[in-house]
There are 2 protein chains.
Amino acid sequence: MRIPDIATQNCSIAHAIGVVGDTWTLMVVRELFLGTRRFDDLQLATGISPHLLSVRLRELVADGIVERTEYRAGRYEHFLTKKGADLWPVMFALLDWADRWGEWPQGRPVYVRHTECGKLTKLKLRCSCCDGPIHHANTRFEGSPGALAERQARMEKAPLAGATPARAKRGATVKGVTRSRATRNP
Amino acid sequence: MRIPDIATQNCSIAHAIGVVGDTWTLMVVRELFLGTRRFDDLQLATGISPHLLSVRLRELVADGIVERTEYRAGRYEHFLTKKGADLWPVMFALLDWADRWGEWPQGRPVYVRHTECGKLTKLKLRCSCCDGPIHHANTRFEGSPGALAERQARMEKAPLAGATPARAKRGATVKGVTRSRATRNP
DNA sequence: TAGATCACTTCAATTTTTGAAGTCAAGAAA
DNA sequence: TTTCTTGACTTCAAAAATTGAAGTGATCTA
């Protein structure tokens, strides 16, 4: 399977990964969140090559994540659209993870300030229904019947490289419902 | 700049992107969250090639995100470590974004159930200080002095491809503090 | 005792990425 | 007016990464 085909898998996470889950795409989106607007500045700040920046920006515009406006003949500014700005929780989640697990001998590089209360904030997730704290251990991902069927089919039919005919016929293990409790010793 | 160097940038988001922001890495992590444990199943479910899966799993183990255990001579199972399981908010944020912006004619493929209250939940972020709702428009990213200095230096010294000497000397625009209000018409 | 299974590795072909160099149009400076 | 500078790219060859078919070898299983 090629990377562009990932977005077509019937899974929300895979779809998102297929659309924005590329390393340089994520870096460009980060930079747009930090307020960088111009091509050369995006290039300098992220370290991406000009060719790839050009390609990635075109893809982001095609996907409705970035808007390009001509602020002067031949000069452009790049903005996140509403759809792009909605990636903010993804950025925050990445930031929070790196803050917790990275090594920062000089202290954390970035903070998130809640401008309404004026204080710095960390990532805090609540259940939209009961308002209780949620995390991987008290939630589970549930596939819709259609998604599960497609997944099942993909794992049965897929021509696994090196697979013997018998294996391909039998198919692999697919669980209908999986607990988020993904660690071995939770 | 090469992709492996991204993780060394003094920015939490860039660090996280450098470590787990690769398309297939994210797909493998998703699959581990869904409970898949074995090599061939990871390959079938994600669509990754065996060579790359082998490479990516080794990297994930080296980064302390995945643990490999031999459940029978020569047979291995893969688990997310605590560090890996802590990527759950990233997965949830990607899922939520795709649910909101993807097209799902057959309905959403995946739900997240809060097992404590039994209901399905959506992504809800709260300020860890005042408990108010937070989003890109009422927060801002703030760089630490050290991180800002490093960023400044990178943008001044970087040998921008095609840059004239004057531009390299002048350096590009760097904002000290940038509002999260990244969209044009918020 | 002959498959079958699993967890890979190998490798050539293909595709993507890199980064230096160039292009072109428009505004600014001399 | 002519030259310089800036910004936003494109082009292209070299280098690196990815793909996927085809092994490999050590267990199990019928």
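Values below: all heavy atoms of this structure, side chains included; hydrogens, waters and symmetry mates excluded. Reminder, nothing fancy here: chain letters follow the sequence lines and each chain counts from 1.
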Checklist entry - Would you say B:Trp24 reaches D:dA17's phosphate, i.e. side-chain N/O to OP1/OP2 under 4.0 Å? => result no

Next on the checklist: Checking contacts here: which listed nucleotide (C:dA7, C:dG19, C:dT9) is nearest the side-chain heavy atoms of B:Pro50?
Outcome noted: C:dT9

Checklist entry - Do any N or O atoms from the side chain of B:Thr36 and from the backbone of B:Leu32 form a donor-acceptor pair under 3.5 angstrom? => result no

Item to check | Pairwise 5' ranking along DNA chain D for B:Gly47 and A:Arg58, keeping only the more 5' one | outcome: A:Arg58

Next on the checklist: Whole angstroms only, please: what is the CG-P distance between A:Asp41 and D:dC9?
Outcome noted: 13 Å

Checklist entry - Counting any heavy atom closer than 4.0 Å, what does B:Tyr76 reach on the DNA or RNA strands: base, sugar-phosphate only, or nothing? => result sugar-phosphate

Next on the checklist: Please report the distance, rounded to the nearest Å, between NE2 in B:His51 and C1' in D:dA16.
Outcome noted: 11 Å

Checklist entry - Could you go step by step and tell me if A:Arg68 and A:His78 meet the side chain to side chain contact (heavy atoms under 4.5 Å, CB included) rule? => result CA-CA 5 Å; A:Arg68 224 175 70 122; A:His78 304 266; 3.2 Å; yes

Next on the checklist: So, does B:Arg2 get its side chain near the phosphate of C:dT18, meaning an N or O under 4.0 Å from OP1 or OP2?
Outcome noted: no

Checklist entry - For C:dT9, does OP1 or OP2 lie under 4.0 Å from any side-chain N or O of B:Ser54? => result yes

Checklist entry - How close or far is atom P of D:dA22 from atom CD of B:Gln43, stated in whole angstroms? => result 14 Å

Next on the checklist: Does D:dG7 have its OP1 or OP2 closer than 4.0 Å to a side-chain nitrogen or oxygen of A:His78?
Outcome noted: no

Next on the checklist: Can you measure B:Glu70 atom CD to C:dA7 atom P for me and round it to whole angstrom units?
Outcome noted: 11 Å

Checklist entry - To the nearest Å, how far apart are B:Leu53 CG and D:dG20 P? => result 14 Å

Checklist entry - Would you say a side-chain N or O of B:Arg75 is under 4.0 Å from OP1 or OP2 of C:dC6? => result no

Checklist entry - Any sub-3.5 Å donor-acceptor pair from A:Thr81's side-chain atoms to A:Gly64's backbone N or O? => result yes

Item to check | Nearest-Å distance for atom pair CD/P, residues A:Glu77 and D:dC9 | outcome: 12 Å

Item to check | Minimum-distance nucleotide to B:Arg72 side chain [options: C:dA7, C:dT18, D:dC28] | outcome: D:dC28

Checklist entry - Would one find a side-chain N or O of A:Arg56 under 4.0 angstrom from OP1 or OP2 of C:dT17? => result yes

Checklist outcome for this item: The answer to which of A:Ala73 and A:Leu52 contacts DNA chain C further toward the 5' end, by nearest nucleotide, is A:Leu52

Item to check | Atom pair distance, as rounded to whole Å: CZ in B:Arg37 and P in C:dC6 | outcome: 16 Å

Next on the checklist: Are A:Trp97 and B:Val61 linked, directly or through intermediate hydrophobic residues, by side-chain heavy-atom contacts shorter than 4.5 Å (ILVMFWY only)?
Outcome noted: yes

Next on the checklist: Is it the case that atom CD in B:Glu116 sees more than 12 heavy atoms from other parts of the structure closer than 6.0 Å?
Outcome noted: yes

Item to check | For atom CE of B:Met1 and atom C1' of C:dT18, their distance in whole Å | outcome: 13 Å

Checklist entry - Looking at the side chain of A:Asp40, which of D:dT11, C:dA7, D:dA8 is the nearest nucleotide? => result D:dA8

Checklist entry - Would you find a donor on one side and an acceptor on the other, under 3.5 Å apart, between the side chain of A:Gln9 and the backbone of B:Thr46? => result yes

Item to check | Nearest listed nucleotide, side chain of A:Tyr71, among D:dC28, D:dG20, D:dG7 | outcome: D:dG7

Item to check | 5'-most by nearest nucleotide on DNA chain C - A:Pro4 or A:Ser49 | outcome: A:Pro4

